Amino acid sequence: MLNRLKFLTAGESHGKGLSGILEGFPAGVPLSETFIARDLARRQMGHGRGGRMKIETDHAEILTGLRHGETLGSPIALWIQNRDWENWKQDKMSHVAQETPIPEVTLPRPGHADLAGIQKFGFTDIRNVLERSSARETAMRVALGAVCRSFLKELGIEIASHVLQIGPVLADNINPEKLESLNDLADASDVRCLDDSAGPKMIKHIDDTRRKGDSIGGVFEVLASGLPAGLGSYTHWDRKLDARLAAAMMSINAMKAVSFGDGLNVAEASGSQVHDEIIKENDKIMRATNHAGGIEGGMSNGEFVRVQVTMKPIPTLARPLRSVDIKTREPGIAHKERTDACAVPAASVIGEAMMALVMTDAILEKFGGDSLEQVKVHMNTTGVKG
Ligand code: EPS
């Protein structure tokens with residue numbers, strides 16, 4: 001649901017690497033591999049990750065679209081190498097047929113793309129599905145999102161995230177005045193949690209779950225500040241900013257629900273508790289509160305955008321669930337792989353990337369412009385900057 005910007009990713013989890021292309025991105029935006037590397041490193045952090053993250057040190061190489069440190073307005077192509085490829089290329093992920101084929105994966109994992117994926121494509125080997133359905137792909141989304149973050153920063157727009165819940169452990173939510181330092185605070189916690197008393201309980205819960213051979217999900221929140229009012233539109237279903245953000249968040253592997261502002265609590269609250277009164281402060285019309293999460297009528301209203309995303313527990317379990325062998329049709333237990341006990345902290349960084357991609361698209365849609373300078377001029381002359 002992007003209107004002005006296009007992005008594509010390609011790559012398998014244990015293949016050579018991940019490719020990404022961003023098209024429709026303006027010229028004149030400062031960009032470097034070092035800037036992208038920061039977000040890639042943040043995605044690799046978080047208590048509960050498995051062995052794979054010790055192998056990878058993700059780095060996005062900028063292949064095209066950049067000259068002398070600024071974007072050219074032409075497609076930006078990125079490449080992230082999978083270090084684990086060296087360990088897999090001889091047999092499991094060889095590009096050519098093997099003389100002695102390795103055994104196929106035939107026991108689908110409940111909750112994973114495995115079973116529906118082989119039914120869809122007519123495969124007999126689940127590896128053909130799991131390699132691409134793996135969340136490894138999100139490393140590229142974070143790299144492309146970092147390119148967008150570089151543009152948004154120039155416009156004074158900040159994006160941050162933090163973890164609200166791991167399993168049954170809830171964090172007290174925050175009401176930030178500024179977002180600039182929020183990510184630094186969240187990154188200082190192993191679970192990206194801003195509530196000092198909940199963080200250690202979350203870590204303990206992840207450890208207890210891992211010891212049982214199980215996995216655990218949770219909830220994270222992504223915020224954006226400095227947005228002008230009027231991004232998105234009430235005029236048509238596919239222009240609504242909340243619908244576009246919800247689709248972007250739901251496209252992240254393992255996400256099950258998305259909500260905005262007060263989220264699910266609006267069901268039991270009354271109208272006077274839910275809606276944000278309109279006030280005037282220093283001659284500026286604004287809101288007394290932000291229950292709406294910065295979006296009304298499918299448009300940004302100039303307040304912080306707040307979106308909460310619920311992640312299910314990862315389906316690959318050290319103590320797998322029941323399954324049926326797709327070849328022999330005999331009951332068995334699901335395929336077991338190296339896995340993460342919890343990836344909610346990493347998912348929050350991926351949520352930031354999806355927010356950055358959607359917001360960049362919405363800015364370009366509203367203001368137009370082929371270069372950063374043109375976008376800035378258009379934003380200043382329309383007078384809607386929040
Ligand atoms: C994943 C399984 C694990 C995760 C992986 C996603 O990888 P592996 O099978 O190599 O142990 O670590 O996540 C990443 C590789 C990543 O970069 O986030 C899965 O099955 O989705």
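These numbers come from a predicted model, not from an experiment. Position 1 is the first residue of the sequence, and the numbers go up from there. Whatever order the structure lists them in is the order used to number ligands and atoms, beginning at 1.
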Next item on the list: Please determine, by modelled atom types, if His335 and Glu337 share a side-chain donor-acceptor pair under 3.5 angstrom.
Entry: yes
Return all side-chain donor-acceptor pairs below 3.5 angstrom for residues 220-238, not counting sequence neighbours, or 'none' if the list is empty.
from: Glu221; atom 1: OE1; to: His162; atom 2: NE2; distance (Å): 2.9
from: Glu221; atom 1: OE1; to: Arg306; atom 2: NH2; distance (Å): 2.9
from: Glu221; atom 1: OE2; to: Arg306; atom 2: NE; distance (Å): 3.1
from: Glu221; atom 1: OE2; to: Gln308; atom 2: NE2; distance (Å): 2.9
from: Ser233; atom 1: OG; to: Thr235; atom 2: N; distance (Å): 3.0
from: Ser233; atom 1: OG; to: Thr235; atom 2: OG1; distance (Å): 2.7
from: His236; atom 1: ND1; to: Asp238; atom 2: OD1; distance (Å): 2.7

Notebook entry, point to check: Considering only the protein, which heavy-atom contact is closest to atom 4 (C) of ligand 1, and what is its distance?
Noted result: Asp340 OD2, 3.4 Å
Item checked: ligand 1 contact by Ala135, heavy-atom criterion under 4.0 angstrom -> yes
Next item on the list: Give the atoms of ligand 1, by number and element, whose distance to some non-hydrogen atom of Arg49 is under 4.0 Å.
Entry: 16 (C), 18 (O)
Margin query: Using a 4.0 Å cut-off to any heavy atom of His14, which atoms of ligand 1 qualify?
Written below: 8 (P), 9 (O), 10 (O)
Item checked: Part of Ile314 with heavy atoms under 4.0 Å of ligand 1, whether side chain, backbone, both or neither -> neither
Notebook entry, point to check: Based purely on interatomic distance, does Arg136 place a nitrogen or oxygen under 3.5 Å from a nitrogen or oxygen of ligand 1?
Noted result: yes
Next item on the list: Check Glu137 against Leu18 and note the closest heavy-atom contact, atom names and distance.
Entry: CA-CD2, 4.1 Å
Check: Just checking, is any N or O donor in the side chain of Asp214 or Thr209 under 3.5 Å from an acceptor N or O on the other one?
Finding: no
Check: With distance as the sole criterion, is a donor-acceptor pair present between the side chains of Asn3 and Glu365 under 3.5 Å?
Finding: yes
Item checked: Option of least heavy-atom distance to atom 2 (C) of ligand 1 (set: Arg338, Glu337, Arg52) -> Arg338
Check: Looking at Met53, which atoms of ligand 1 are within less than 4.0 Å of one of its heavy atoms?
Finding: 14 (C), 15 (C), 16 (C), 17 (O), 18 (O)
Item checked: atom 20 (O) of ligand 1: nearest protein contact (heavy atom, Å) -> His112 NE2, 3.9 Å
Next item on the list: Give the residue and atom name of whichever protein heavy atom lies nearest to atom 17 (O) of ligand 1, and the separation in Å to one decimal.
Entry: Arg43 NH2, 2.6 Å
Notebook entry, point to check: Would you find more than 12 non-hydrogen atoms of other residues, nucleotides or ligands less than 6.0 Å from Lys312 atom NZ?
Noted result: yes
Next item on the list: With heavy atoms only and a cut-off of under 4.0 Å, state how Ser134 meets ligand 1: side chain, backbone, both or neither.
Entry: both
Next item on the list: Please round to the nearest 0.5 Å and tell me the distance separating atom CZ of Arg52 and atom CZ of Arg338.
Entry: 6.0 Å
Check: Does a donor on one side chain sit under 3.5 Å from an acceptor on the other, for Thr138 and Arg43?
Finding: yes
